[in-house]
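Quick notes on the structure that follows.
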Amino acid sequence: MELCSITGLKGKISVPGDKSISHRCVMFGSIASGTTEIHNFLEGADCLATIRCFRTLGIDIEKNDDLVLIHGKGLHGLSAPDNILDVGNSGTTTRLMSGILAGQRFESKLSGDESLNSRPMKRIIEPLTQMGANISSILRNGCAPLYITPGRLHGIHYNSPVASAQVKSCILLAGLYADGKTSVTEPSLSRNHTELMLKEFGADVHTTHDIGSTKATASISPCKELYGQKITVPGDISSAAYFLAAGLIVPDSEIVIENVGINPTRAGILKVCEDMGGDISLLNERVEGGEKIADILVRTSKLHGTTIQGDIIPTLIDEIPVIAVMAAVAEGTTIIKDAAELKVKETDRIETICDNLKAMACNVTPTSDGMIITGGKLKGASIHTLLDHRIAMAFSIAALVAEGNTKILDSKCVDVSYPTFYDTFEELL
Ligand SMILES: O=C(O)C1=C[C@@H](OP(=O)(O)O)[C@@H](O)[C@H](O)C1
Ligand SMILES: C=C(OP(=O)(O)O)C(=O)O
């Protein structure tokens, strides 16, 4: 994809359904009784991988234009797969499904692409093993492919060293199959879609917050049955983030992004935009299926640097590539800290962000848990996405304000979370 600088992005758009929520609808619908009806499901490669895996586990899933129907078979209705479960590029599919598979009476294997098979899985192997699960890394390197055989699960309390919704959700899902209560404490609250949605499906889930600390504990007790639901997936704030950034930094722009999920555990980017001097307003705020939703109005603004650290990080972790792009054209210096988790995403995102910003003539220094960026003028460059969808999209936004042309290599990788990304742009020209 070749891009150059533009001005005046104007219009009303909507972004595809939330990736985290789309995954969870399929998973919870598959182990619920009755049919789960999903509207605005994200047709990205990651969520399609989740559908493929549950079909391999014997679930009948119908899919047409705006509707996905999951014909759930109950908590114990999955059947043994006749093949290895192909999780593609998706960390969420791998880690959440492992929690479900650990509680089954059959064995299974999960494997993904090269990037996925190099991401850390010890973070789920350890707590699942404490619960009595039999799960191992086939190559003994702490990564997928994973091999899971039947085990008798018991409830545990787990103190997670990382604020990770994938780790928390994996343990809670295994907790559905345990013999008692299971709880997970995380250093600060990560996205809570699992807790909100499992409650809607009828599970006994609770969250408590330690007074005087950022720690949060989610707990679940085993239940007899989950019940199929009708769900409309809100627009993905992680996808809206690219248009929030474009609206702020492309001169003479005014964009409304409709139906965006603004769950506080996901909406850290809104606070950062505000802290940087961005003109953003929330319109039509409402709650659907336990999730907060709004339309977002964004106008071109003069941005300045800020510091992003601490417990806001899990609420914007996937948005850091595009936040870094905003910082690269803001006045002054932006410091991003406490974000070492970036190193274990689809790529080492500290490295991929910094290398590509440097290629665009930005003054950026990587650190062990983030980066320091001093804003200025960007120059067009060839962007090495290393097949990381968020790098492709973030640097497509950088291209819109850079001098000269920018080439996004392997831009097709946007299919992982936002196949229609470049079409949405056309609507704003
Ligand atoms: O639970 C989820 O849906 C996700 C959790 C986050 O990962 P971690 O739990 O590894 O932080 C996020 O980066 C990922 O895109 C989706
Ligand atoms: C990290 C991401 O996803 P996952 O962990 O599900 O691969 C992402 O979408 O940025």
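Just follow the structure's listing: the first ligand is 1, and inside any ligand the first atom is 1.
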What are the atoms of ligand 1, with element, lying closer than 4.0 Å to any heavy atom of K19? 15 (O)

Salt-bridge present (E346, R119; N to O < 4.0 Å): yes

Would one find an N or O of A165, backbone or side chain, under 3.5 Å from an N or O of ligand 1? yes

Is the shortest distance from a Lys or Arg side-chain nitrogen in D318 or R191 to a carboxylate oxygen in the other one below 4.0 Å? yes

Looking at atom 4 (C) of ligand 1, what's its closest protein heavy atom, distance included? Q166 NE2, 3.5 Å

Check the angle between the aromatic planes of Y418 and F243 and answer parallel, tilted or perpendicular using the 30° and 60° thresholds. perpendicular

Can you pull out the closest protein heavy atom to atom 6 (O) of ligand 2? Residue, atom name and distance to 0.1 Å, please. T92 OG1, 2.5 Å

If you count the atoms of ligand 1 from 1 in the order shown, which ones are under 4.0 Å from a heavy atom of T92? 2 (C), 3 (O), 4 (C), 16 (C)

Is E195 salt-bridged to K168, going by a charged N under 4.0 Å from an acidic O? yes

Taking only non-hydrogen atoms of H389 and a 4.0 Å limit, the atoms of ligand 2 in range are 8 (C), 9 (O), 10 (O)

Is any side-chain N of the basic residue among D18 and R266 closer than 4.0 Å to the acidic one's carboxylate O? yes

Between K19 and D46, is there a salt bridge with N-O shorter than 4.0 Å? yes

Are any of the N/O atoms on Q166, whether in the backbone or the side chain, positioned under 3.5 angstrom from an N/O atom of ligand 2? yes

Among V322, L270, I397, find the one that has a side chain to side chain contact (heavy atoms under 4.5 Å, CB included) with L244. L270

Of the side chain and backbone of R24, name the one, both, or neither that has a heavy atom under 4.0 Å from an atom of ligand 1. side chain

Looking at H384, is its backbone amide N or carbonyl O close enough to the side chain of N356 to form a donor-acceptor pair, meaning the two atoms are under 3.5 Å apart? yes

Any idea which atoms of ligand 1 are less than 4.0 Å away from a heavy-atom of K345? 6 (C), 7 (O), 8 (P), 10 (O), 11 (O), 12 (C), 13 (O)

Would S169 and H193 count as a side chain to side chain contact (heavy atoms under 4.5 Å, CB included) here? Give the steps. CA-CA 9 Å; S169 304; H193 307 299; over 6 Å; no

May I ask you to list the atoms of ligand 1 that are less than 4.0 angstrom from any heavy atom of I317? 13 (O)

Regarding E351 and R349, does a basic nitrogen lie under 4.0 Å from an acidic carboxylate oxygen? no

For atom 2 (C) of ligand 2, which candidate among K345, R349, E346 provides the closest heavy atom? E346

Take T182 and Y158, measure what side chain to side chain contact (heavy atoms under 4.5 Å, CB included) needs, and give me the verdict at the end. CA-CA 8 Å; T182 297; Y158 188 67; over 6 Å; no

Report the nearest protein non-hydrogen atom to atom 4 (P) of ligand 2: residue, atom name, distance rounded to 0.1 Å. G91 N, 3.5 Å

Using the side chain to side chain contact (heavy atoms under 4.5 Å, CB included) rule, take V250 and I6 through it: C-alpha gap first, then chi angles, then the decisive distance, then the call. CA-CA 7 Å; V250 171; I6 51 166; 4.3 Å; yes

Among all protein heavy atoms in this structure, tell me which lies nearest to atom 3 (O) of ligand 1, with the distance rounded to 0.1 Å. S20 OG, 2.7 Å

Quick one: does H23 get a heavy atom under 4.0 Å from ligand 2? no

I'd like to know whether ligand 2 has T93 as a neighbour, heavy-atom separation below 4.0 Å. no

Within the 4.0 Å heavy-atom shell around N89, which atoms of ligand 2 are there? 7 (O)

Can you sort out which atoms of ligand 2 are near R119, meaning under 4.0 Å from one of its heavy atoms? 1 (C), 4 (P), 5 (O), 7 (O)

Using a 4.0 Å cutoff against the non-hydrogen atoms of K19, which atoms of ligand 2 qualify? 2 (C), 3 (O), 4 (P), 6 (O), 8 (C), 9 (O)

Among S417, P314, S164, whose heavy atom sits nearest atom 9 (O) of ligand 1? S164

Please work out whether any backbone atom (N, CA, C, O) or any side-chain heavy atom from C-beta onward of V416 is under 4.0 Å from ligand 2, and answer side chain, backbone, both or neither. neither

Do the ring centers of H389 and F421 come within less than 6.0 Å of each other? no

Test side chain to side chain contact (heavy atoms under 4.5 Å, CB included) applied to E43 and K63, step by step: CA-CA 10 Å; E43 299 262 342; K63 194 162 71 61; 3.1 Å; yes

Under 4.0 angstrom from ligand 2, any heavy atom of R95? no

Give the residue, atom name and distance (to 0.1 Å) of the protein heavy atom nearest atom 10 (O) of ligand 2. R390 NE, 2.6 Å

Quick check on contacts: which atoms of ligand 1 are under 4.0 angstrom from a heavy atom of D318? 12 (C), 13 (O), 14 (C), 15 (O)

Between K168 and ligand 1, find which residue part has any heavy-atom pair under 4.0 Å and reply side chain, backbone, both or neither. neither

